[in-house]
Amino acid sequence: MFSSRTPGLDRLNRTHKASIAGVAAAGVAALTFSLVPGAAAHSQPSQAVTASQAAFTATPDTAAQAAALHTSVFKQQVSAENTAKVQAAAKVKAAAHEKAEKTEKAKKAAAAKAKAEKKAKAEKAAKAKAKAKAKADAKKRAKAAASRSAARTPVYANNLDGWIKESLSIMKKHHIPGSYDGLHRNIMRESSGNPNAINNWDINAQNGIPSKGLLQVIPPTFAAYHVNGTSTNIYNPVANIVAAANYAADKYGSMDNVNSAY
């Protein structure tokens with residue numbers, strides 16, 4: 001068969017090859033009738049043209065037509081294949097582009113998340129640091145205030161002088177009148193400065209309520225004129241002085257006005 005040597009024919013499928021063969025056969029038949037006009041009406045046995053002669057006579061034109069047809073079909077096949085390749089390449093490119101976009105989007109989302117987490121962590125750390133600093137500052141202020149308070153709080157000697165001075169400080173806070181000299185003078189007369197002094201012989205003692213302490217106060221009077229913040233022990237020097245001064249202020253205006261038993 002002549003077509004086996006035509007370039008590109010091997011790439012055609014059976015359908016294409018059958019089409020070419022059919023076209024070639026049809027060309028032979030048409031050419032045969034054109035070469036023998038009136039053959040159907042006036043044919044003589046001796047003058048009939050054989051099929052082999054017709055085929056031999058038509059071979060050059062038929063081959064040219066077949067070659068042209070083959071070339072056309074081949075071009076269409078190549079075009080179709082090229083189109084398919086272009087479309088496939090376009091699909092691959094689109095898929096790769098979509099994948100790249102998804103990857104880039106995922107990277108951006110991950111980066112944004114990491115940034116947000118880092119920011120949240122930093123803010124949390126800053127808050128914790130600020131809270132710790134505020135707590136430390138408050139503790140420092142409290143300590144400083146305590147130190148100032150301790151510095152302002154006088155320390156009194158544990159003797160008659162210290163007891164009188166501490167009593168005067170408390171009396172001032174409670175607006176109880178009296179002076180150092182007035183207190184000292186009455187204390188020396190009543191107990192000679194002995195905080196544990198007790199009178200067991202006067203009328204109060206006979207009534208079961210003896211006078212006690214620096215200013216010889218009887219228990220009912222101590223209880224009635226006791227000043228909050230001082231000891232409830234009648235023998236406590238400061239509590240005894242303040243209660244007695246409070247009583248004297250109520251009865252005589254001030255301990256300074258007392259010059260004898262009261």
Side-chain angles (χ1 to χ4, degrees), residues 123-262:
E123 288 177 349
K124 185 177 180 180
K127 287 181 179 179
K129 186 177 181 180
K131 186 177 180 180
K133 186 178 183 301
K135 186 176 181 180
D137 290 344
K139 187 176 181 180
K140 186 177 180 180
R141 287 193 299 270
K143 186 177 180 180
S147 298
R148 290 193 299 269
S149 177
R152 289 193 299 266
T153 302
V155 177
Y156 300 100
N158 189 26
N159 53 31
L160 182 58
D161 179 70
W163 300 333
I164 293 174
K165 288 179 179 178
E166 185 175 356
S167 297
L168 287 169
S169 176
I170 296 171
M171 289 165 60
K172 183 178 181 180
K173 291 179 182 178
H174 293 273
H175 308 289
I176 300 172
S179 65
Y180 186 97
D181 292 338
L183 294 174
H184 186 269
R185 174 167 45 81
N186 282 282
I187 288 171
M188 296 307 294
R189 186 189 67 252
E190 293 292 332
S191 66
S192 300
N194 179 11
N196 296 313
I198 182 171
N199 185 331
N200 290 316
W201 58 85
D202 64 3
I203 187 63
N204 291 322
Q206 293 174 17
N207 291 331
I209 49 172
S211 302
K212 300 177 180 179
L214 288 175
L215 283 168
Q216 292 293 282
V217 184
I218 60 176
T221 300
F222 179 81
Y225 290 92
H226 175 263
V227 175
N228 290 333
T230 62
S231 174
T232 57
N233 181 1
I234 195 171
Y235 288 107
N236 180 275
V238 175
N240 188 280
I241 292 172
V242 175
N246 194 24
Y247 167 76
D250 183 45
K251 298 300 181 180
Y252 308 104
S254 171
M255 183 63 76
D256 293 351
N257 299 328
V258 178
N259 296 299
S260 63
Y262 61 104

Within the 4.5 Å heavy-atom criterion, are [X] and [Y] side-chain neighbours or not?
X	Y	value
His184	Leu160	yes
Ile198	Ser211	no
Arg189	Val258	yes
Asn204	Asn199	no
Gln206	Asp202	no

Closest heavy-atom pair and its distance - Gly253, Pro177: O-CG, 3.2 Å
Met171 versus Gly178, closest heavy-atom pair with distance: CE-CA, 3.9 Å
Expected output: side-chain [X] to main-chain [Y] donor-acceptor under 3.5 Å:
X	Y	value
Ser192	Asn194	no
Ser179	Gly182	yes
Thr230	Ala239	no
Asn186	Met255	yes
Asn240	Asn236	no
Thr221	Val217	no

Atom [atom1] in [X], atom [atom2] in [Y]: separation rounded to 0.5 Å?
X	Y	atom1	atom2	answer
Lys212	Asn233	NZ	CG	9.0 Å
Gln216	Ile234	CD	CD1	9.0 Å
Lys172	Ser167	NZ	OG	14.5 Å
Asp161	Lys165	CG	NZ	4.0 Å

Set of salt bridge (charged side-chain N to carboxylate O under 4.0 Å, His left out) partners for [X], sequence neighbours left out:
X	answer
Lys251	none
Lys127	none
Asp181	none

By side-chain contact (heavy atoms from CB on, under 4.5 Å) - contacts of [X] (at least two apart):
X	value
Arg185	Asn259
Asn246	Ile176, Tyr225, Val227
Asn158	Trp163

Side chain to side chain contact (heavy atoms under 4.5 Å, CB included) assessment of Tyr262 paired with Tyr247: CA-CA 10 Å; Tyr262 61 104; Tyr247 167 76; 3.5 Å; yes
Qualifying residue for side-chain contact (heavy atoms from CB on, under 4.5 Å) with Ile164, from Leu183, Asn159, Val238: Leu183
